[in-house]
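What follows is one structure encoded as structure tokens, with my remarks underneath.
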There are 2 protein chains.
Amino acid sequence: MQNYQNKELILIPKPTLDRLKLYHRFLNEIDFEYVSSEIMSQRLGVSPEQIRKDFTYLKTMGKPKVGYHVETLRKELDELFGVRKTTKVILVGAGHLGKALVNYPGFTQYGIEIVAVFDNDKEKIGKFVNDLAILPMRDLRRVIKRFEVEIGIICVPKESAQQVANLLLTNGIKGIWNFAPVRLLVPDDVFVVDEDMIQSLLTLKHYLELKKQKEKHE
Amino acid sequence: MQNYQNKELILIPKPTLDRLKLYHRFLNEIDFEYVSSEIMSQRLGVSPEQIRKDFTYLKTMGKPKVGYHVETLRKELDELFGVRKTTKVILVGAGHLGKALVNYPGFTQYGIEIVAVFDNDKEKIGKFVNDLAILPMRDLRRVIKRFEVEIGIICVPKESAQQVANLLLTNGIKGIWNFAPVRLLVPDDVFVVDEDMIQSLLTLKHYLELKKQKEKHE
DNA sequence: TAGATTGTTAATCGATTAACAATC
DNA sequence: TAGATTGTTAATCGATTAACAATC
């Protein structure tokens, strides 16, 4: 589950932005020349009106009776999500989750490159995750400066998450993807996206429970 | 990032439900006897009015001039999220991410137990993740029946995700937590929660980009 | 031309915020 | 009692849905 702590600065509404990403993925999977809102609707479970409304936030326009030019749409969404230019990120915490993220395919495909992995466990430092050596925390500053990193991923236990966040911020990080189940305290100009793994499962559990109860009452 | 494919059956609005989970976590971290909406607001970045409004979906009531009884609230939220009774889930796909999830602490704390891990890679079958042996797909049916599993986690590559989903559904699974970046086609009575790792990072990227542009214009 | 599909405006829906009376 | 904090109603805001004219 993803939460947003900062809510200003939003030009495209967040729900629309999320759907645009869904459309983007879909457009990358098909090879038609044109696609209509009706067809996308059937495949993605979003109403055609919604899709057309969402596209009004883009420059690309559709042709009546034909639909939207796939390649044009794809290009504009590539641009919107900055797929072309690589964004360099660092990751702190080389536990199971950290390793999984470094190994996650698809990041590169979306222009995201993990340039370094940090940990404070001496046992881990020097070892490799993929082809990245695990670095000690004291190298943080140097790496951030050198690669002009703006985004940091926090995969440490919740006890040390705030501390790591502070360290990232003092070294110039402006965006944090936080996997630790705590709400981080950060200045207003820093974006934090919380990824709470447990929340998702709790939501599933909750809806299934609700459904059972509903069935009982019928 | 989490998306919901099924939207019926919702008694508590989803935004409220998400915040209730935030409150729940907070209540587990403090040891006051009473807590006011004002104090929670300061710690969680949610307005006090919002918090009080959210609590109207619960039975627990606050005392004017005192606040909410922490223990009572905690208990009711425990109940709401089914923390007490264990939910058994299975996981398909013993890659890096799958392993990370099996090792994720906190699941048990929230009454979630991964009872089995499946993979179709002969190399992996028989090996262990934590203390769970990786099982072949043909054992799926048996395990689901035996443990009365209702939720399945899909951590396989996107190419085989739909196939795995079908298999889960024919064996009675009613909820899927999907880590593969594809939209799964499922019957209406099945809940799917999509966890798209890339979307979160794209969102961060997008907001940072926006901020830069905004600063340029000033 | 007739018909399909877009883009946009208006109506509806739902969630958040504001205001304030109730009350401990 | 006076004051703080709740619970609830009304007002606002924002997003979705519906309707339909524009147009290829």
Side-chain angles (χ1 to χ4, degrees), chain A residues 1-23 26-27 30 32-73 76 203, chain B residues 1-23 26-27 30 32-73 76 203:
Chain A
M1 163 155 312
Q2 191 192 37
N3 291 319
Y4 300 92
Q5 293 192 13
N6 306 62
K7 307 210 166 164
E8 0 142 21
L9 289 177
I10 296 167
L11 293 176
I12 298 179
K14 176 169 146 21
T16 297
L17 199 61
D18 288 347
R19 284 190 300 270
L20 285 173
K21 273 174 264 169
L22 190 67
Y23 308 152
F26 171 73
L27 294 168
I30 58 172
F32 318 145
E33 197 177 346
Y34 285 89
V35 68
S36 70
S37 55
E38 183 56 39
I39 289 193
M40 289 184 63
S41 172
Q42 283 163 21
R43 296 276 215 102
L44 297 172
V46 177
S47 78
E49 298 84 358
Q50 181 78 82
I51 293 174
R52 276 179 274 142
K53 184 78 174 185
D54 288 341
F55 283 168
T56 61
Y57 288 95
L58 305 177
K59 281 172 293 190
T60 307
M61 304 216 100
K63 283 189 194 166
K65 220 184 153 178
V66 182
Y68 299 86
H69 186 66
V70 173
E71 191 54 29
T72 310
L73 262 185
E76 185 171 1
T203 307
Chain B
M1 162 151 312
Q2 190 191 38
N3 290 319
Y4 299 92
Q5 294 192 13
N6 305 63
K7 307 210 165 163
E8 1 143 20
L9 288 176
I10 297 165
L11 294 176
I12 299 178
K14 178 170 144 22
T16 296
L17 199 62
D18 288 348
R19 282 189 302 268
L20 286 173
K21 272 176 265 169
L22 189 66
Y23 309 152
F26 172 73
L27 295 168
I30 59 172
F32 317 146
E33 198 178 345
Y34 286 89
V35 68
S36 70
S37 54
E38 184 57 40
I39 290 193
M40 289 185 63
S41 171
Q42 283 163 22
R43 295 279 213 102
L44 297 171
V46 178
S47 79
E49 297 85 358
Q50 180 78 82
I51 292 173
R52 277 179 272 142
K53 184 78 174 184
D54 288 341
F55 283 167
T56 61
Y57 289 94
L58 305 178
K59 280 173 294 188
T60 307
M61 306 216 99
K63 284 188 194 168
K65 219 184 156 180
V66 182
Y68 299 87
H69 187 66
V70 173
E71 191 53 29
T72 310
L73 263 184
E76 185 173 0
T203 307

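Everything numeric here is computed off the predicted structure, so don't read it as measured data.
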- Let me know the distance between CZ of B/Arg52 and P of C/dT23, rounded to the nearest Å. 16 Å

- From the candidates D/dT17, C/dA15, C/dA2, the one with an atom nearest any side-chain atom of B/Pro13 is C/dA15

- Query: Considering only D/dT16, C/dC24, C/dA18, which nucleotide approaches the side chain of A/Pro15 most closely?
  - Reply: D/dT16

- Task: Would you classify A/Phe55 as touching base, sugar-phosphate or nothing, given that sugar-phosphate means primed atoms plus P, OP1 and OP2, and contacts are heavy atoms under 4.0 Å?
- Result: nothing

- Item | Atom-pair distance (CD1 on A/Ile51; P on C/dG7), nearest Å | 12 Å

- Query: Counting just side-chain N and O atoms, does B/Arg19 come under 4.0 Å of either OP1 or OP2 of C/dT16?
  - Reply: yes

- Message: Which nucleotide wins on minimum distance to the side chain of A/Lys65, given the candidates C/dT17, D/dG7, C/dA2?
- Response: C/dA2

- Item | Closest non-hydrogen atom pair between A/Val46 and A/Arg19, with its separation | CG1-CD, 3.8 Å

- Which nucleotide in C/dT23, D/dT16, C/dG7 has an atom nearest any side-chain atom of B/Pro64: C/dT23

- Query: Does D/dG7 have OP1 or OP2 sitting under 4.0 Å from an N or O in the side chain of B/Tyr68?
  - Reply: yes

- Message: Distance check needed: C/dA15 C1' versus B/Asp54 CG, whole Å only.
- Response: 10 Å

- Query: So which heavy atom on A/Tyr68 is nearest to which on A/Met61, and how close?
  - Reply: CD2-C, 4.2 Å

- Using whole Å, report how far CG of A/Leu20 lies from C1' of D/dA15. 14 Å

- Message: Both distances below 3.5 Å, Watson-Crick or wobble geometry, any strand: find the nucleotide opposite D/dA22.
- Response: C/dT5

- Any side-chain heavy atom of B/Gln50 sitting closer than 4.5 Å to one from B/Asp54? yes

- Would you mind pulling out the nucleotide paired to D/dT12, Watson-Crick or G-U wobble, both distances under 3.5 Å? C/dA15

- Length of the line joining A/Lys53:NZ and D/dA15:C1', which is rounded to integer Å: 9 Å

- Task: Write down the distance between OH (A/Tyr57) and P (C/dT8), rounded to a whole number of angstrom.
- Result: 12 Å

- Task: Using a cut-off of strictly less than 4.0 Å, decide whether A/Gln50 has a side-chain nitrogen or oxygen near OP1 or OP2 of D/dA15.
- Result: no

- Round to a whole Å and report the spacing from CG of A/Leu17 to P of D/dT16. 12 Å

- Message: Please pick, from D/dT6, D/dA18, C/dT16, the nucleotide with the shortest atom-to-atom distance to any side-chain atom of B/Ser36.
- Response: D/dT6

- Query: Taking atom types as modelled and ignoring hydrogens, do the side chains of A/Thr203 and B/Lys21 form a donor-acceptor contact shorter than 3.5 angstrom?
  - Reply: yes

- Mind listing the closest non-hydrogen atom pair of B/Arg43 and B/Phe26 along with its distance? NH1-CE1, 3.6 Å

- Between C/dT5 (P) and A/Met61 (CE): distance, integer Å: 18 Å

- Query: Is the distance from OP1 or OP2 of C/dT6 to the nearest side-chain N or O of A/Ser37 less than 4.0 Å?
  - Reply: yes

